[in-house]
Structures are given as structure tokens and as C-alpha cells.
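In what follows, a single structure is set out as C-alpha cells and then discussed.
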There are 2 protein chains.
Amino acid sequence: MADETRANVLLAVQELNYKPNAVARSLMNARTKTLAIIFPNVSDGFSGTVLSGVEDAAHAQGFSIIVCKTGGGRERTLDYLQLLAEKRVDGIIFASEVLLPEYATFIQKLRIPLVVLSGESSDPSVPTLRCDDRLAAYTAAAYLISLGHERIGMIYGGAYGTPEQNGRVRGFEEAHRDHGLALTEGQVQLMDGFAFKDGQVGGQRLLATLTDLTAVFASSDELALGVMSAAHARGLQVPDDLSVMGFDDLPLAEMCLPPLTTVRQPLYGMGRRAASLLLDHLQGIQKLGENVVFPTTIVERQSVRRR
Amino acid sequence: MADETRANVLLAVQELNYKPNAVARSLMNARTKTLAIIFPNVSDGFSGTVLSGVEDAAHAQGFSIIVCKTGGGRERTLDYLQLLAEKRVDGIIFASEVLLPEYATFIQKLRIPLVVLSGESSDPSVPTLRCDDRLAAYTAAAYLISLGHERIGMIYGGAYGTPEQNGRVRGFEEAHRDHGLALTEGQVQLMDGFAFKDGQVGGQRLLATLTDLTAVFASSDELALGVMSAAHARGLQVPDDLSVMGFDDLPLAEMCLPPLTTVRQPLYGMGRRAASLLLDHLQGIQKLGENVVFPTTIVERQSVRRR
DNA sequence: CTGAAAGCGCTTACAG
DNA sequence: CTGAAAGCGCTTACAG
């Protein structure tokens with residue numbers, strides 16, 4: 001093409017303010033360049049951090065992200081799945097929820113690439129990105145024990161499923177067993193959720209019943225803040241009277257007082273990875289199907305002290 | 001149509017797992033049923049809460065939300081705007097950022113409905129949803145003064161623009177003037193951002209210089225937590241030695257210790273409203289163009305006490 | 001009321 | 001290499 005022609009075209013593009021129509025393009029090549037992420041809740045630090053990673057990875061490849069908030073409800077989840085199917089998203093990240101068989105088959109019938117992030121998957125054929133919950137909890141409990149704690153309460157937020165299915169509860173129990181420590185009735189509290197309120201009531205319950213506790217291991221940071229609140233309400237100082245340990249390492253873990261000692265999950269990185277797994281798959285670079293487990297680390301701040 | 005035929009069609013829909021193709025539909029009627037929201041950052045409680053409201057309102061009408069994180073950068077923002085233009089989103093919510101004239105004209109040329117949420121708009125023709133910053137800050141300062149505080153520090157996070165442009169700073173100053181209280185050098189600290197770290201360094205600065213301060217008014221909750229952290233580092237107890245007041249009423253305001261007394265912005269409701277403004281406009285129910293200002297309220301918790 | 005045709009704005013395969 | 005045509009899956013206006 002003559003340079004002059006090209007210049008003229010570009011000029012027209014400018015003048016008419018022409019933008020290529022991505023929806024027409026999508027109709028042709030059956031690719032929308034959009035990924036969806038499904039959360040039960042979208043306003044907490046967990047979702048926010050994951051989303052941040054997902055967004056960065058997607059944006060780098062010119063993809064955009066649709067966020068879906070289900071409130072954990074079956075109805076709304078199915079509703080969303082239908083919508084995403086109609087919108088022809090290229091991939092779905094199912095985050096921090098239980099992937100019911102019903103959801104899995106719905107998505108698989110549509111042949112939409114799917115990845116589960118930090119949630120329970122009932123279907124082994126769906127790749128999962130998570131930390132080793134059992135190991136992480138084992139390590140956390142062993143850490144507290146090594147600091148001289150012998151009576152440690154635990155609060156778990158995912159009361160669905162049996163305790164055996166809860167890796168974090170199992171790891172906690174195994175660490176006790178391996179260190180010759182017995183667990184008594186009510187020492188691990190199973191709550192319905194991972195939120196602050198759950199931690200408050202769980203913490204209250206724990207501290208009211210088991211007055212000899214010197215530490216509490218909470219399976220989320222929000223839960224841990226709830227425990228701190230409950231401790232405060234009983235006139236207990238953290239960490240002097242009670243050590244509190246969290247899980248996740250959300251932004252608020254370093255904003256609170258005392259700053260929270262916690263088990264860090266690399267949530268931003270997990271989000272990035274979930275997106276690139278899907279992205280690579282879409283470009284045919286690699287098959288989907290491998291689970292990936294991320295390392296956790298204990299980050300020591302000031303809510304735990306030696307006994 | 002015969003009932004039998006209808007049944008057969010429905011059966012085929014089932015068997016073939018047919019889902020209507022929304023992208024083909026969008027190509028036809030030039031409506032994508034998707035809204036975009038643009039944030040500088042997506043992982044904080046502010047964005048999360050707003051997003052939650054936006055999502056609810058949009059979902060109720062069958063719309064989905066694309067989230068865009070700009071990091072506050074001009075480059076990435078423009079990049080996103082181009083992408084959104086190509087994807088033919090039906091509306092854009094520009095949240096908690098400065099709407100540069102450059103952005104405004106880009107969007108207006110494309111005739112994409114636009115709304116600014118809690119950010120500065122340089123363009124009066126763009127509808128804005130916000131609280132009355134000046135009034136809110138005035139009220140907060142007056143509240144502290146009414147509790148007997150006479151030496152109050154302030155930290156503001158939006159150091160761009162002149163102090164006169166900062167409603168919160170102005171309100172703070174006017175309350176002092178109206179109560180016959182003088183402000184001294186360094187009593188209001190202008191920081192670059194509204195984050196925890198900014199609060200820490202601003203708080204440090206404030207407490208190191210002005211040792212007679214009995215209260216600090218921070219213009220965001222994260223900033224307030226930073227101040228609490230700085231106070232703690234100097235051995236000051238909140239609220240006994242120093243009262244701290246925040247702004248926003250994010251979820252973390254009630255999770256921290258002591259729970260934060262703060263100026264509440266109805267962020268969830270603002271998000272909902274921003275979305276329905278756009279949605280109503282798209283359905284021709286009403287014109288865009290009115291600014292809407294939301295009421296703030298002081299929520300008293302435990303980080304402030306009477307002098 | 002029913003059914004065939006045109007068209008939305010692209011991309012891709014094909015003819016010249 | 002260039003250019004016209006077909007087709008992606010819908011909706012809408014129009015003919016029968």
C-alpha cells in the first residue's frame with residue numbers, strides 16, 4: 001500500500017474516531033477475550049487481592065475480567081453461569097467456593113475452560129489452585145507448640161463437610177497428636193464462615209469455655225481479628241494474655257494492632273496464576289489439568305508470643 | 001405454535017445444550033449489557049464495597065461488570081478506555097480517580113454514558129456521585145472540638161491540587177475558624193495517597209512535631225489505622241492519649257482495635273446508585289446529568305474520647 | 001400470523 | 001498481492 005494511502009486511512013480513522021468493533025470480531029472467531037471470576041463475596045480483602053492478580057495477568061494479554069458475586073447461593077451461581085455461557089466468556093475462575101457437581105457439569109457441557117481457586121472441587125478433572133491446607137495448619141500449630149503453647153484453640157470457618165475433609169482442621173489435630181498433646185471437647189470451633197463476626201462468636205465461645213487457652217489459631221485473618229475483639233472484650237491482652245494467629249495474610253493483617261502473625265497464602269500470585277493458566281490454555285500453549293499447590297509461609301508479626 | 005412443537009423445540013434446546021449467543025445479539029442491537037468500572041486499585045475495602053453495590057444493581061438487570069485497574073496511571077487508563085471502546089461497553093463508572101480532561105473527551109467522543117464516583121471531575125457535564133467533603137470534614141472537626149479537643153491534627157491523602165480544592169481540608173479549617181481555634185504549621189499533613197503507609201508516615205510526622213495534639217482526623221480509614229500504628233509506636237494509647245477519627249467506614253473500621261470512630265460514606269449505596277443511574281439512562285428512563293450528593297454520618301465507636 | 005431475507009461489522013478463504 | 005464474497009448468530013423489517 002502506498003504510504004500516502006496509509007496516511008489517508010489513518011487520518012480518516014482519526015477523524016471518524018473509528019474503533020474496531022470487538023463484538024463483531026468475537027462473533028467471527030468465537031473468542032471474546034474476556035475471563036470471568038466468580039466469588040461468593042467481592043468486598044473482602046481475600047477477593048480483592050486475588051482479583052488484583054487476575055486482573056494484572058489478564059490485562060497484560062488484552063483480556064478483560066467480568067466479576068460475579070454469588071453470595072454463595074446456588075440460584076445466583078447458576079444464573080451467572082447461564083449468563084456467562086451466553087456471553088461466551090473464554091474461561092472461568094471459580095474462586096473460594098464449593099464447586100458443586102451441578103456447576104461443574106454445567107460448565108463442562110459448554111466446554112468453557114474452568115479453574116478452581118482456593119475452593120473445594122468435587123470434580124478431580126477440574127484443575128485446582130490452592131495451598132496445602134493440611135500442611136499449612138500443621139506447621140502453624142507446630143509453630144505455636146514450639147513457642148511453648150500447649151492449650152491452643154482453633155476456629156475453622158468452613159463448617160460444610162466433615163472435619164476429615166477440612167485439611168486445616170486435620171493438620172491442626174495431627175500436629176497435636178505428633179507432639180503428644182491431647183485435644184479436648186470444644187477446642188476446635190466450626191463456624192459457618194470466615195468472617196469477622198464468626199471469629200467474634202467463635203472466640204467468645206472458646207474463651208468462655210476453655211479458660212486455660214494460651215493461644216488461638218484462626219483459619220482466616222478476619223476470624224483472627226474477631227478473636228482479638230473477643231479477647232479484648234474479656235479484658236485479655238494480645239499477645240500477653242493470649243496469642244492469636246491468622247491465615248491468609250490479607251492487607252489488614254499488617255494494619256491491625258497488634259499486627260497479626262499469620263500463615264501467608266500468596267493470593268495475588270494465585271490470582272495471576274489462575275489467569276495465566278487459562279490464558280496459556282486458550283493459546284494452546286498447554287493443556288489444562290494439572291493442579292497447582294502454592295507454598296505458604298508463616299509471617300511473624302506481633303500477635304503471638306513465646307510462653 | 002402447537003404445544004407439541006414447542007415441547008420439541010425445548011427438548012432440542014436441552015439436548016443440544018443450546019445457549020443464545022449474546023455476542024451476536026449485541027452486534028445487532030448495539031448493546032452489550034455490560035458496564036465497566038475503573039478503579040486505581042481493586043484490592044482495598046473502598047473499591048470492594050463500591051464494586052459490591054455496582055454488581056448487585058447491574059446483575060439485577062442482567063448486566064455484567066468489567067473491572068479495570070489502572071494503578072492511577074495515565075497510560076494504563078487510556079489503554080483501558082480504548083479497550084472498553086472496542087468492546088462496546090454500555091456505560092462506564094469512573095471511580096475514585098481524577099477524571100482528566102483527556103479521559104473525558106475520549107469517552108465523550110464515543111458517546112459512552114459516563115459517571116464519576118467519588119473522584120474529581122474536571123468536566124462539569126459529567127455527572128458525579130459523591131459526598132459533600134467539605135461539610136463532612138467540617139462536621140467531623142466540629143464533633144472533635146465539641147468533645148473538648150483543641151489541638152487536632154489532620155492527614156489528607158490527595159496531595160494533588162491546591163488545598164483550596166480539597167473539600168475535606170477546607171471543612172476542617174473552617175470548623176477551626178468558626179470555633180476560634182488557630183491552626184499552626186504542619187497541623188494538616190498532605191500525603192500522596194489514602195493508604196495505611198501514608199497514615200503511618202503522616203502520623204509519625206504529626207506526633208513527632210506537634211506533641212500537644214489530643215486528636216487526629218484522618219481522611220480515610222486506612223490513614224487512620226496508620227495513625228493508630230504510629231501512635232502505638234510512640235507508646236500512645238488510643239483513645240486515652242490520642243483520639244483518632246477516620247473517614248469512609250470501611251469494613252475494617254469495625255474490625256480493628258479499638259474500633260474506629262469514623263465518617264461514614266454509604267459506599268455500597270453509592271455503587272448501586274452509580275450503576276442504576278447508568279442503567280436507567282440506557283433504558284431511556286432518565287437523562288444523565290444530575291450530580292448526586294450522598295449524606296455522611298458520624299459513626300461513633302471507640303477510637304475517640306472526650307477530653 | 002408465518003417465513004425468508006437483509007444486515008450488524010468483522011475475518012477468512014478464495015478467485016482474479 | 002488485491003479485492004469481492006461468504007459467513008459468524010442473532011434481530012428486525014418486510015413480503016406472502
Side-chain angles (χ1 to χ4, degrees), chain A residues 1-36 58 61-64 66 79-92 106-113 279 281-285, chain B residues 1-36 58 61-64 66 79-92 106-113 279 281-285:
Chain A
M1 191 182 353
D3 278 4
E4 195 188 337
T5 314
R6 142 163 281 131
N8 278 332
V9 169
L10 259 14
L11 197 71
V13 163
Q14 279 293 339
E15 301 223 313
L16 301 173
N17 200 25
Y18 168 80
K19 310 285 173 197
N21 186 328
V23 359
R25 181 180 299 146
S26 291
L27 182 58
M28 251 320 289
N29 51 215
R31 304 289 230 77
T32 51
K33 286 200 132 200
T34 111
L35 261 30
Q61 312 257 35
F63 275 66
S64 35
I66 289 179
D79 196 44
Y80 253 126
L81 259 19
Q82 176 75 25
L83 187 66
L84 297 177
E86 297 188 3
K87 289 218 170 163
R88 302 294 195 262
V89 298
D90 292 332
I92 296 179
F106 186 100
I107 299 171
Q108 282 163 340
K109 270 205 227 151
L110 297 164
R111 321 198 128 276
I112 304 179
L279 261 13
H281 173 73
L282 290 170
Q283 285 164 132
I285 294 178
Chain B
M1 188 180 358
D3 278 4
E4 196 189 336
T5 313
R6 143 163 279 129
N8 278 331
V9 169
L10 258 16
L11 197 71
V13 164
Q14 279 294 339
E15 301 224 313
L16 300 173
N17 199 26
Y18 168 80
K19 311 285 173 197
N21 186 327
V23 358
R25 182 180 299 146
S26 291
L27 182 58
M28 252 319 291
N29 50 217
R31 302 288 229 78
T32 51
K33 287 200 133 199
T34 111
L35 261 31
Q61 312 256 36
F63 275 66
S64 34
I66 289 179
D79 195 43
Y80 253 126
L81 259 20
Q82 176 74 25
L83 186 66
L84 297 177
E86 297 188 2
K87 290 218 170 163
R88 302 295 195 260
V89 298
D90 293 331
I92 296 178
F106 186 100
I107 299 172
Q108 283 164 338
K109 270 204 225 152
L110 298 165
R111 320 199 130 275
I112 304 180
L279 261 13
H281 173 73
L282 290 171
Q283 286 163 132
I285 295 178

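Numbers restart at 1 for each chain; the letters A, B, ... are given by sequence-line order, proteins then strands. In this text, all values refer to a predicted model and were calculated from it rather than measured experimentally.
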What is the distance from atom [atom1] of [X] to atom [atom2] of [Y], rounded to the nearest 0.5 Å?
X        : Y        : atom1 : atom2 : result
B:Leu282 : B:Gln61  : CG    : CD    : 9.5 Å
A:Leu27  : B:Ser26  : CG    : OG    : 10.0 Å
B:Asp79  : B:Leu84  : CG    : CG    : 9.5 Å
A:Thr34  : A:Ile92  : OG1   : CD1   : 9.5 Å
B:Leu16  : A:Lys109 : CG    : NZ    : 11.0 Å

Next on the checklist: I'd like to know if the side chain of A:Lys87 reaches the main chain of A:Thr32, judged simply by a donor and an acceptor atom lying under 3.5 Å from each other, with no hydrogens or angles considered.
Outcome noted: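 No.
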Next on the checklist: Checking the side chain of A:Arg88 only, and the main-chain atoms of A:Ala85 only, is there a donor and an acceptor separated by less than 3.5 Å?
Outcome noted: yes
Checklist outcome for this item: Where DNA chain D forms runs of at least three Watson-Crick or G-U pairs (i with j, i+1 with j-1, under 3.5 Å), the stems are C:1-3 with D:14-16, C:5-12 with D:5-12, C:14-16 with D:1-3
Checklist outcome for this item: Protein-proximity profile, nucleotides 7-12 of chain C, B/S/- by nucleotide at the 4.0 Å heavy-atom cutoff, equals BBBBS-
